[in-house]
There are 2 protein chains.
Amino acid sequence: MAVREGLLSLLEPGPRYGYQLKTEFESVTGGVWSLNVGQVYTTLDRLERDGLVEMTEAEGQKSYTLTAAGREELGAWWQAVPADEPPPRDELMLKVLMAIEKGADHALEVITRQRTALFALLHDHRRKPAPPADAPTVSVLAAQLVTDALVVRAEADLRWLDLCEARLAATRKDRP
Amino acid sequence: MAVREGLLSLLEPGPRYGYQLKTEFESVTGGVWSLNVGQVYTTLDRLERDGLVEMTEAEGQKSYTLTAAGREELGAWWQAVPADEPPPRDELMLKVLMAIEKGADHALEVITRQRTALFALLHDHRRKPAPPADAPTVSVLAAQLVTDALVVRAEADLRWLDLCEARLAATRKDRP
DNA sequence: ACGGGCATGTAACTGGTTACATGATTCA
DNA sequence: TGAATCATGTAACCAGTTACATGCCCGT
């Protein structure tokens with residue numbers, strides 16, 4: 001539901017046309033989340049189908065506007081907090097859980113490999129060139145924040161892997 | 001790609017039938033990731049279509065086995081590390097980025113709301129009853145690890161929200 | 001004249017997800 | 001007998017994603 005809500009959000013200030021939404025979406029997200037133009041149009045069709053946007057055509061120029069229902073939906077989205085029930089299925093989690101089923105040895109192997117990869121990722125991010133200090137546009141800020149998120153997430157994953165190892169060791173002690 | 005790889009992984013030790021895979025999947029993931037049985041069969045059909053599993057029928061009992069290609073695919077999955085390029089589109093990130101576009105005030109409001117929700121989530125998890133110490137089955141361990149992941153992730157999100165606020169304040173100082 | 005960016009779309013496919021139908025077996 | 005669980009499936013839909021086709025306009 002990311003593209004959907006993103007477009008809805010971009011339409012809030014006023015009418016936009018398809019191509020414009022693509023460029024705005026990429027600009028707002030710092031250029032790190034690219035969007036195939038085609039997807040904008042398919043998503044707009046679906047939003048229109050659901051009555052959340054309205055298309056008007058003037059002089060060959062199509063233009064999309066939020067409907068009242070669309071505005072309501074958007075408001076709800078702003079208020080909402082991402083649900084954690086059921087817990088989102090995450091690839092790293094799934095991999096470790098499946099590995100545990102195959103035995104502690106297998107699990108430790110997977111944990112080690114993932115940890116190495118995450119360390120490398122962190123290292124890369126720390127070596128990443130700082131954005132030019134003379135142009136702190138919204139786009140640069142966005143890119144920076146996405147990088148931050150990646151780093152913080154990676155650190156969290158590392159901590160979680162440590163926890164996994166600890167709990168595995170503990171259960172091993174319980175039933176040797 | 002979670003269910004797909006999950007089933008593949010469960011088929012590694014040997015042949016299984018559909019319903020069995022559902023129960024095993026739920027058991028391995030500590031019962032927190034429930035799976036509609038129907039999805040097992042649709043996924044198995046698609047795995048068969050892709051030549052990763054083979055179905056054999058004996059005395060009315062259908063049974064699925066990994067093919068060589070399936071084994072290869074699974075091996076690749078074990079080796080792989082989740083890609084972070086392009087960065088995964090995350091709801092929280094998207095929401096904050098879109099909010100920033102609408103102005104610092106809007107962004108701070110969103111950040112505050114999300115922070116509150118995350119604090120509440122952490123609080124709930126800390127009050128969660130500890131698993132019975134006398135039954136440390138694999139399933140309990142799995143459930144525990146999923147909870148751990150949720151907590152660690154929430155803490156990471158909180159740290160990221162703090163970073164967002166700090167960076168917003170900094171850019172505000174730059175261009176008042 | 002031509003290439004590149006602007007602009008609009010469509011067809012096709014992917015995996016995830018649910019609702020529903022069907023029948024067998026088990027056990028109270 | 002009747003409810004619960006086991007067991008197998010199908011039809012339908014959803015959003016995400018890509019590849020492709022089309023044409024316009026502008027600057028070189």
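In the text below, chain A, chain B and the rest are named by the order of the sequence lines, each starting its count at 1.
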What integer distance in Å separates [X]:[atom1] from [N]:[atom2]?
X	N	atom1	atom2	answer
Glu24(A)	dC6(C)	CD	C1'	15 Å
Glu57(A)	dG9(C)	CD	P	7 Å
Lys22(A)	dT18(D)	NZ	P	11 Å
Arg16(A)	dC6(C)	CZ	C1'	17 Å
Leu52(B)	dT14(C)	CG	P	13 Å
Asp45(A)	dT10(C)	CG	P	6 Å
Lys62(A)	dG9(C)	NZ	C1'	8 Å
Glu91(A)	dG15(C)	CD	C1'	14 Å

| Does Gln61(B) put a side-chain nitrogen or oxygen below 4.0 Å from OP1 or OP2 of dT8(D)? |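 For Gln61(B), the contact criterion (side-chain N or O under 4.0 Å from OP1 or OP2 of dT8(D)) is met.
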| query | Side-chain N or O of Tyr17(B) less than 4.0 angstrom from OP1 or OP2 on dT8(D)? | reply |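 No.
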| Can you check salt bridge (charged side-chain N to carboxylate O under 4.0 Å, His left out) on Lys95(B) and Glu91(B), steps first, answer last? | CA-CA 6 Å; Lys95(B) 211 170 276 193; Glu91(B) 183 171 347; 3.4 Å; yes
Of all the nucleotides listed ([options]), which has the minimum atom distance to the side chain of [X]?
X	options	result
Tyr41(B)	dG9(C), dA7(D), dG15(C)	dA7(D)
Tyr19(B)	dA7(D), dT18(D), dT17(C)	dA7(D)
Asn36(B)	dG16(C), dA19(C), dT8(D)	dA19(C)
Arg49(A)	dT14(C), dT8(C), dA15(D)	dA15(D)
Met1(A)	dC6(C), dT8(D), dA15(D)	dA15(D)

Students often get this wrong, so: under 4.0 angstrom with heavy atoms, is [X] touching a base, only sugar-phosphate, or nothing?
X	result
Gly18(A)	sugar-phosphate
Val40(B)	nothing
Thr42(B)	base
Arg46(A)	base

| So, Arg115(A) and Asp162(A), do they make that salt bridge, N to O below 4.0 Å? |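 Counted as a salt bridge, because a side-chain N and a carboxylate O are separated by less than 4.0 Å.
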| request: Please determine if Arg4(A) and Asp50(A) form a salt bridge, counting it only when a charged side-chain N lies under 4.0 Å from a carboxylate O. | output: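 The answer is yes: the pair qualifies as a salt bridge.
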| message | Could you walk me through whether Arg159(A) and Glu155(A) satisfy the salt bridge (charged side-chain N to carboxylate O under 4.0 Å, His left out) test, starting with their C-alpha distance in whole Å, then the side-chain angles of each, then the deciding distance to 0.1 Å, before giving a yes or no? | response | CA-CA 6 Å; Arg159(A) 289 180 48 212; Glu155(A) 287 167 350; over 6 Å; no
| said: Using the side-chain contact (heavy atoms from CB on, under 4.5 Å) definition, which of the options Val32(A), Thr29(A), Val146(A), Val3(A) pairs with Arg89(B)? | reply: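 So, applying the side-chain contact (heavy atoms from CB on, under 4.5 Å) to Arg89(B) and each of Val32(A), Thr29(A), Val146(A), Val3(A), only Val3(A) qualifies.
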| said: Both Gln39(A) and Gly38(B) contact DNA chain D. Which one's nearest nucleotide lies toward the 5' end? | reply: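 The 5'-side residue here is Gly38(B).
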